[in-house]
Structure formats: C-alpha cells, structure tokens
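The shown structure was predicted, so the numbers you read here are calculated from the model rather than taken from an experiment.
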Amino acid sequence: MASSTAGMEVLTLNTWGLLLVSKRRKERMKLLAMALQGTTADIVALQEVWVEADAQLLIDACATAGMPYAIHFKSGVFGAGLVTVSRYPIVEHGFQCYASAGDPAAIHCGDFYAGKGVGWVRVATPLGHVDVYNTHLHANYSHKHLAAKSGSNTPGDAGGYKVPSDAYAPYRLSQMLQMAQFIRHCSKSGSCAIILAGDLNTKPDWLEMGLLRSLLPELVDSWEVLHGESGEAGHTCRAEGNTFESTRQVPERIDYVLTTLRPVDCRVALKLSPAGCSYSDHFAVQARLEAQGSSLGSGRGTLMSPTDLVQVKVAPVKSPLSGSTGAVVPKPGAPATPSPPLLHIPSSILSPTNSSGIGVALVQPLLGTGAFPWLGGPLASDASGHGGAAPSPKPGRRAPPDMSSRLPAVMAILGASTQLVQQGVARNGRHAKQRLAFAAVCLVLCLGWVGVVAVTFTTGGSSSLLDMVPNAVLPTSLAVLLAPFLSAFAMLALVMGLVADFTQQRVLVSAELQMRMLADRLKTEGL
C-alpha cells in the first residue's frame, strides 16, 4: 500500500548480505523479501546486498509491493552493495565510488575491495522531484574515541563532537567530504528535496557526523528531530533484541534518514522475522516525510545555495568499476534514463607546503567565503522543531541560519578532521615503506633461487633441483621447488599494495588540503 500523497515514507536497511560470511544469509533474504512485499515505504535504500541473486530477489519483492523502479549500483571487486527501489519513476541516476577506499592490506575487513560509494537517483513523485542518496561508509572496527582534554566540557574537543581513535577514521572523513561534494553537485539547482539514507558507520555525536553537518547543514536527522528531546537511543546496530550479536560492535545508532523535508514519524523497523531471527545484524530505519511548503521543490525542501562545494567536471561516462548499473524498470512510454554522470577530478595539481610533506592533490578546490554561506553546523530549531530561519531569505529558498555563533565549532571540526586525515597520511606512508621493504626481500629471495637453479644447470652438475636436497623428504623438496614462485607472487602482491597505497595517499592528502584551505579561509574571512 502506498503512503498518502501528502508525504512519503523512506526505509533504509543494511541487509548484511556477505557471501559465505553472513549467518543464515539465504534464509534471511527470503524473509526480508516477504517483509518488503507488504511494506508501505515509497523509497527503499538497501546496503550490503553483495550477491546478485539477493539483489534481484529483493527488487522483485519491492515490485510486488508497488515499487517497480530499481537501481542496483555496482562497483569494485564485490560491488557497492547498494540497491535503491522506488514507487515513483527514476528519471536520473548516478554513482560516485569513494576514492578513499581504505587500507588494501586489511583483507580481513574488505572495505578496500568492496567499492563503496554513494548512489543517487532523482525520483519524480506526485509532489515534485526528490534526490535520494544511498550510501555505506567505511566501517569502524574500534568504536573508541579520544578523551576530551583536561578543562574541556565538550565530548571530544571538536565542536562538541567525539573524535574517533580508530585507524580508519581518516577514510570515513574523506568519504564524507567526497559525498558532500557529490550531493552539492547533483542537487546544486536547489529545485529538489534531498534524502540521504544509509549506513554512515558513525554515531550522531562523532566527528564524521559533525563534518557532514558542517558541509550540509540543510539536512536534518529524522530520528533526532522526533526523538532527540526524549533521549531515546534508537540503536540500529547490535541493538537490544537483535538475535545476531557481533563481538566487534557496540550498541549504536549508525543508520540514518537525513533530509531537507519535514520528518513527521521515524521508527526502528524490521526487527524480528516470523522465523524468530532478525532480518539482519542491523535494524531498519523507516521515516515518514512531508513537504515543507506547497511542493517538494519550494520552501525548506530545497538547498540554500546552488554553489558547488568544489568545481568539478562532469562527463556522461559509464565505468565498469565505478559506474552505476542495474535495471531501471520504466513505465511504458517513459523517457529513457540518461547515462549516470560521473564526477571527474580535474587534472590540476597543487604543490603547497603542508605538514604531511607531500605536495600533491587530486582536487583543485575553488574556495571562498562566497561559496560557503551555509557552512556552520546543525540548523537551529524553530518553534516547530525544524530548521531555523534568518531574515530576508531568497524566494523559494530555505533561509540560511545565523552561522556567526557556529564559527568556533566549525573551525574545531575542520581542525580535528584535518589532523586525523594527516595522521592517516603518515600511517599510510609507514605502511608503504614496510611493504616496499618486504617486496625488496622477496625480490632478493626470488633472484637468489633463480641464481641457484641457473648455477646448478650450467656447471654440469646435477640436472635436477631435487638432487640439491638428496636427503630431504617430499614436503621439503616441494618447498624448494615452490619457493621462487611463492617469492615472486608475494613480491607482485606487495607491489600492487604499494600502488594502492600511493593512490590512497594522494586521496587523503587531497582531503587534508581541502580542509586546511577551507579552515584558513574561514579563519581570515569568517563564514
């Protein structure tokens, strides 16, 4: 059953669909498909749908519920794991793979190989166009934060946000920055309402969320708007009552429905299946949203500024590794969906002096206070509990809040974010040096074995390498034969890791430079 035309419902769920890893995956996917057949949601945003058969099963289930429009975003080795389904036609779509993917050596985590990113669809609803973003950020495997400095009353000395201490925080911060750029670009006209749904892998009071709120203060947290005063936790990961307990997780709220619309209802959904098990190791979030004005494209349902966060080039190119693929099922006579626009980073290279010692950057940010009139933090609340307003707004635009009081908090957030990314750059550099050293050792071993074999066959001695170890048992003999091949394989793997390290290093340096330059401009010119 569709929701009333006065609003729309959005459901987001991390499905925990890892092949061979997730418990009872096939059974849970069938149960989830049954649940989706009876959902009242108009938009469904799913994450961690890694198996193609699972994606098709869930898409078919949503079609049965009256949501025939779907996009399965694919990227990386295992895919992005993102599926967005809509009751209303999808008129445009695109995908941006996060350049900051993670540590290539952390194979046990898998984030680097997952091809995570942010998928975008523009949905033609009865009330107007709505831009829906579906994303899944790098996981947090530590869940610890830095202690506040002595004498500070804030939770983490970063504008009131806690500073994470895990090694993957720099990647999440870089992903947040890239996601904000992507949203600013796709929704720059300000004519569409915005919904950002997904697993952000950060708590509401942590630094990553502070950075996102500083870059996109128009977005409000549906749960916080409706349950913030009551203090209800709304845990979605390792939540109370979930039958799948993770030893690495702690009870936390990391799944969100953020929007420029007005939330009128938000609840934790899809907790327990009829089979007695949870649908996932996450609970879903389902929110009902209504237009702020007469339409979704007016009043508070718009962006405050059409200016991009950074200037980027756009080309209608589809990439097999970072493109958006999947089926959009249009109604008969509907116009064909254009190719998804991918953001191409300009070739401009900066060489400024920075504390990391590396003068390269992938993005040339065009920063100025005129491009950041909205930059501040969470919107001030008005009498209705939603975004505040400043005098004399432009017609049809949400009035920018008074940011002067937020400047110290924004500076603290940018400073802490820059410092964490800088630490990630240094850590990545150390890892690269270690891998280079191991690769050199493997190369020496490989060349040494090749030399021994060459001498054996050219000196007229034994013609068999196994004769070099006449008293050896079979396992030892096999080890002698395989040693050069294993050394060569290890060397190749390490060299590939070095290339990946270099790429991640450049991305992190780019993020660091953007944050540093923005902080410098805000420091000298204000908001």
Notebook entry, point to check: Do T236 and D255 meet the criterion of a side-chain donor-acceptor pair at a distance under 3.5 Å?
Noted result: yes

Item checked: Main-chain N/O of L414 paired to T418 side chain as donor or acceptor, under 3.5 Å -> yes

Notebook entry, point to check: Hey, are K203 and E208 close enough for a salt bridge, meaning a charged N less than 4.0 Å from a carboxylate O?
Noted result: no

Next item on the list: Locate the shortest heavy-atom distance separating A197 from Q47; write the atom from each residue and the value.
Entry: O-NE2, 4.4 Å

Next item on the list: Determine, using ring centers only, whether Y141 and Y168 are less than 6.0 Å apart.
Entry: yes

Notebook entry, point to check: Going by heavy atoms in the side chains, are W16 and K23 under 4.5 Å from each other?
Noted result: yes

Next item on the list: Could you give me the CA-CA distance, side-chain angles and deciding distance for Y256 and W223, then say whether ring-ring contact (aromatic ring centres under 6.0 Å, His included) is met?
Entry: CA-CA 8 Å; Y256 298 85; W223 182 271; over 10 Å; no

Check: Is the backbone N or O of A101 less than 3.5 Å from a side-chain atom of Q504, with the two atoms forming a donor-acceptor pair by type?
Finding: yes

Next item on the list: Taking the six-membered ring for Trp and the single ring otherwise, decide whether the centroids of W120 and F95 are under 6.0 Å apart.
Entry: no

Notebook entry, point to check: Using 4.0 Å as the upper bound for N to carboxylate O, is an ion pair formed by R213 and E224?
Noted result: yes

Next item on the list: For side chain to side chain contact (heavy atoms under 4.5 Å, CB included), just list the numbers for M179 and T135, CA-CA rounded to whole Å, side-chain angles, deciding distance to a tenth of an Å, and then say yes or no.
Entry: CA-CA 9 Å; M179 178 174 64; T135 191; 3.7 Å; yes

Check: Considering all heavy atoms of both residues, which atom of D501 and which atom of A432 are nearest to each other, and what is their separation?
Finding: OD2-CA, 3.8 Å

Item checked: Main-chain N/O of C277 paired with S273 side-chain donor or acceptor, under 3.5 Å -> yes

Item checked: Pair D265 + R288, salt bridge at N-O below 4.0 Å -> no

Notebook entry, point to check: Between Q178 (side chain) and C97 (backbone), is there a donor-acceptor pair under 3.5 Å?
Noted result: yes

Notebook entry, point to check: Is R184 salt-bridged to E218, cutoff N-O under 4.0 Å?
Noted result: yes

Notebook entry, point to check: Is there a donor in the side chain of N201 and an acceptor in the side chain of H138, or the other way round, less than 3.5 Å apart?
Noted result: no

Notebook entry, point to check: Has the side chain of Q286 got a donor or acceptor atom that lies under 3.5 Å from a matching backbone atom of V268?
Noted result: no

Next item on the list: Verify, without hydrogens or angle tests, whether T259 (side chain) and I194 (backbone) share a donor-acceptor contact under 3.5 angstrom.
Entry: yes

Notebook entry, point to check: Which heavy atom in R28 sits nearest to a heavy atom in S22, and how many Å separate them?
Noted result: NH2-CB, 3.4 Å

Next item on the list: May I ask you to test the L200-L212 pair for a side-chain heavy-atom distance under 4.5 Å?
Entry: yes

Next item on the list: Taking only Lys NZ, Arg NE, NH1 and NH2, and the carboxylate oxygens of Asp or Glu, determine whether K26 and D54 approach each other closer than 4.0 Å.
Entry: no

Checklist line | Point-to-point distance, once rounded to the nearest 0.5 Å, from CE of M209 to CG of D221 | finding: 6.5 Å

Notebook entry, point to check: Is D111 salt-bridged to K116, cutoff N-O under 4.0 Å?
Noted result: yes

Notebook entry, point to check: What do the steps show when you test L137 against Y98 for side chain to side chain contact (heavy atoms under 4.5 Å, CB included), and what is the final call?
Noted result: CA-CA 9 Å; L137 269 61; Y98 290 132; 3.5 Å; yes

